[in-house]
Amino acid sequence: MSNHLPNEARVIPLRPHGARPVGAPPRQAPPAPAAKEPLWRDLVGDVLRRERLAQERTLKDVADEARISMPYLSEVERGRKEASSEVLAAAAHALGLNLGDLLTRAQGELTRLTSRYAGGGRRGASTSSHDGMCLAA
């Protein structure tokens, strides 16, 4: 008689754990995870925060001048919120920048960071001296 409960399934492995079928190719190590590209909201937030700190201004001061809430500006700076172009323009203007300045600085950061993990080159990269990004606000 079996010592198993009546409703308990009994599992019999077809091959021992970790064993490969006869003639199977050796297992290869899993591919290394690709470096994650930075998110645009993180880059823009970093630029806003760096500029604010360089001007030695408080979050409250910039938020008040931009007419956006301080908690929301904090979330934007930390890359937690995907801010609209109106909010980005207001924050940039409060810091003495225009939207183009903000986006250009963020694009520069993106280029710098992506060239770091892409080995300096990208698949299908153009040979143009104008290797940038075009954004419409």
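We number each residue from 1, following the sequence as shown. Model, not experiment: these values are computed from the prediction.
Residue pairs meeting the salt bridge (Lys or Arg N to Asp or Glu O under 4.0 Å) criterion with at least one member in residues 67-77, sequence neighbours excluded: Arg49-Glu77, Arg52-Glu77, Glu75-Arg78.
When all heavy atoms of Pro38 and Leu110 are compared, the pair lying nearest together is CG-CD1, 3.8 Å. Taking each heavy atom of Trp40 and Ala106 in turn, the nearest pair found is CH2-CB, 3.6 Å. Between Leu59 and Ser74, the shortest heavy-atom distance links the atoms CD2-CB, 3.5 Å. Nearest heavy-atom pair, Glu82 versus Tyr72, reported as atom, atom and distance to 0.1 Å: O-OH, 4.1 Å.
Dense packing is recorded around CZ of Arg57, with more than 12 heavy atoms of other residues, nucleotides or ligands lying under 6.0 Å away.
We find the CZ-CG distance between Arg105 and Leu103 to be 11.5 Å, quoted to the nearest 0.5 Å.
Side-chain atoms of Ser115 come within 3.5 Å of backbone atoms of Thr111 as a donor-acceptor pair (strictly under, hydrogens ignored).
A salt bridge links Arg50 to Glu109: one of the charged nitrogens lies within less than 4.0 Å of a carboxylate oxygen.
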Sequence neighbours left out, cut at 3.5 Å: what donor-acceptor pairs do the side chains of residues 88-102 make with other protein atoms?
from: Asn98; atom 1: OD1; to: Gly100; atom 2: N; distance (Å): 2.9
from: Asn98; atom 1: OD1; to: Asp101; atom 2: N; distance (Å): 2.7
from: Asp101; atom 1: OD2; to: Asn98; atom 2: N; distance (Å): 3.2

### Query
Between Leu113 and Leu43, is a side-chain contact (heavy atoms from CB on, under 4.5 Å) present by the stated rule, with each step listed?
CA-CA 10 Å; Leu113 291 172; Leu43 297 168; 3.6 Å; yes
